[in-house]
Amino acid sequence: MQTLMEGHESINVPIERLRAFMSDTSNIAKCIPDSKDFKKIDSSNFTISMEAGISVVRGAFRFTGKASNLDDTFTYMLSGKGLGSEVNITITISLSKLGDSSTGVVWKTTAQFSGIISGVSEPIIKNATNQKVAEIIEKLKAELGSA
């Protein structure tokens, strides 16, 4: 099963500050709910574990990740396994200056699920993902001091 989710947000910090924050994968790891065991391999590659719960499928997923950016577009690719399932996620985040102290954030996520988790209905997966994205944005704002 493949899903696509998109959204946008305004964050009350200058684009330069958000750009610098997003360039460090250890900063992003702090914003992911239920994550643990983050390990930065180099400036682009990392591993992380996340607790996930979608419907009756609950447990830990172990991901390897790669981050890249071109100008103000950041891409995070994650591949993970857990609970008899595999997940491949690509998150693309584009920043735009809205003013001296505000940044527009447009994000797009594609996820490919196989194994047990692919049996969970798409609306349930999208709802759970949207809840996690909202938590990530709130944690990001808190980390940046703009909550």
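Reckoned from all heavy atoms, side chains included, excluding hydrogens, waters and symmetry mates.
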Thr75 vs Asn69 side-chain heavy atoms within contact, under 4.5 Å: no

Beyond-backbone contact of Lys97 with Thr103, side-chain heavy atoms, under 4.5 angstrom: no

Asp100 atom CG, over 12 foreign heavy atoms within 6.0 Å: no

Option from Asp37, Leu78, Ile41 for which side-chain contact (heavy atoms from CB on, under 4.5 Å) with Thr47 holds: Ile41

Euclidean distance, Arg17 CZ relative to Ile11 CD1, rounded to 0.5 Å: 11.0 Å

Heavy-atom side-chain contact between Glu143 and Phe21 under 4.5 Å: yes

Side-chain heavy atoms of Met5 within contact of Trp107, under 4.5 Å: yes

Donor-acceptor pair, side chain of Ser85 and main chain of Gly115, under 3.5 angstrom: no

Hphob cluster co-occupancy, Ile137 + Tyr76, side-chain heavy atoms under 4.5 angstrom: yes

Contact summary for Ala67 and Thr25, nearest pair of heavy atoms: CB-CG2, 3.6 Å

Same apolar cluster: Ile89 and Met77, side chain cutoff 4.5 Å: no

Donor-acceptor pair, side chain of Asn88 and main chain of Ser79, under 3.5 angstrom: no

Single-linkage hydrophobic cluster Ile15~Leu98, side-chain heavy atoms < 4.5 angstrom: no

Rounded distance (nearest 0.5 Å) linking atom CD1 of Ile91 with atom OG1 of Thr109: 5.0 Å

No-hydrogen, no-angle side-chain donor-acceptor test under 3.5 Å, Ser26 and Asp24: yes

Ser49 side, atom OG; Lys36 side, atom NZ - distance, nearest 0.5 Å: 6.5 Å

Residue pair Ser102, Ser10: steps toward the side-chain hydrogen bond (donor to acceptor under 3.5 Å, both in side chains) verdict: CA-CA 7 Å; Ser102 187; Ser10 176; 3.3 Å; yes

Heavy-atom neighbours of Lys81 NZ exceed 12 at 6.0 Å: no

Approximate separation, where rounding is to 0.5 Å, of Thr92 OG1 and Lys108 NZ: 7.0 Å

Residue of the set Lys141, Met22, Lys139 for which side-chain contact (heavy atoms from CB on, under 4.5 Å) holds with Cys31: Lys139

Close side-chain approach of Ile32 and Met50, heavy atoms under 4.5 Å: yes

Side-chain touch Val87/Phe61, heavy atoms, less than 4.5 angstrom: yes

Flag side-chain contact, heavy atom, 4.5 Å: Arg19 against Leu95: yes

Positive for side-chain contact (heavy atoms from CB on, under 4.5 Å) with Leu18, one of Ile93, Leu140, Asp72, Asn12: Leu140

Sub-4.5 Å side-chain heavy-atom contact between Phe46 and Ile28: no

Rounded distance [0.5 Å steps], OG in Ser94 versus CZ in Phe74: 9.5 Å

